[in-house]
Amino acid sequence: MKNDEFQNKELTPAQIDMIRQTMATLSIENLKIGKVGTEAMGSMLKGDISIQDYQKMLKENYKASNQQ
């Protein structure tokens, strides 16, 4: 399996899988987090930002994709 856009992001294969699974789950709920949210998720998995900071960012910046 290729890492696609996650190449060169210093993420382990397990972290990449976690991001993909989260994106798939959000898609089922008709939600999107976008590139910035995905990159922030990688930062959270690496320990660069806290879970609370990541959740706060999501609440402030993202809405259901059906509101486009």
Side-chain angles (χ1 to χ4, degrees):
M1 173 173 55
K2 291 177 66 179
N3 291 343
D4 307 327
E5 73 267 19
F6 303 114
Q7 284 179 321
N8 304 320
K9 298 291 184 189
E10 301 177 5
L11 297 172
T12 67
Q15 290 170 327
I16 292 168
D17 189 47
M18 293 168 82
I19 292 171
R20 286 190 175 136
Q21 288 181 25
T22 301
M23 291 170 67
T25 301
L26 291 171
S27 179
I28 290 169
E29 296 296 325
N30 201 26
L31 299 171
K32 294 182 182 180
I33 59 170
K35 185 175 181 175
V36 172
T38 303
E39 290 175 358
M41 189 183 315
S43 295
M44 179 193 61
L45 291 172
K46 291 188 300 184
D48 296 337
I49 62 172
S50 69
I51 293 171
Q52 293 81 10
D53 288 341
Y54 180 70
Q55 289 173 337
K56 181 180 177 183
M57 187 228 23
L58 288 177
K59 288 177 185 177
E60 291 174 352
N61 296 309
Y62 296 96
K63 297 179 182 180
S65 63
N66 63 355
Q67 296 179 0
Q68 294 178 353

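Keep in mind the model is a prediction, meaning the values are calculated, not measured.
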Please round to the nearest 0.5 Å and tell me the distance separating atom OG1 of T22 and atom CG of D17. 9.0 Å
Could you pull out all residues at least two apart from I51 that satisfy side chain to side chain contact (heavy atoms under 4.5 Å, CB included)? M44, Q55
Please answer whether the main-chain N or O of Q21 pairs with a side-chain N or O of T25 as donor and acceptor at a distance below 3.5 Å. yes
Those residues that, when tested against D48, pass side-chain hydrogen bond (donor to acceptor under 3.5 Å, both in side chains) (two or more places apart): none
Looking only at heavy atoms, which two atoms of L45 and Q15 are closest? And how far apart? O-NE2, 3.1 Å
Would you give the length of the straight line joining atom CE of M41 to atom CD1 of I16, rounded to the nearest 0.5 angstrom? 12.5 Å
Rounded to the nearest 0.5 Å, what's the gap from NZ on K56 to CD1 on I49? Could you check? 12.0 Å
Using only atom types and a distance under 3.5 Å, with no angle test, would you say the side chain of Y54 pairs donor to acceptor with the backbone of G42? no
Least distance between heavy atoms, A40 atom then M57 atom: CB-CE, 3.6 Å
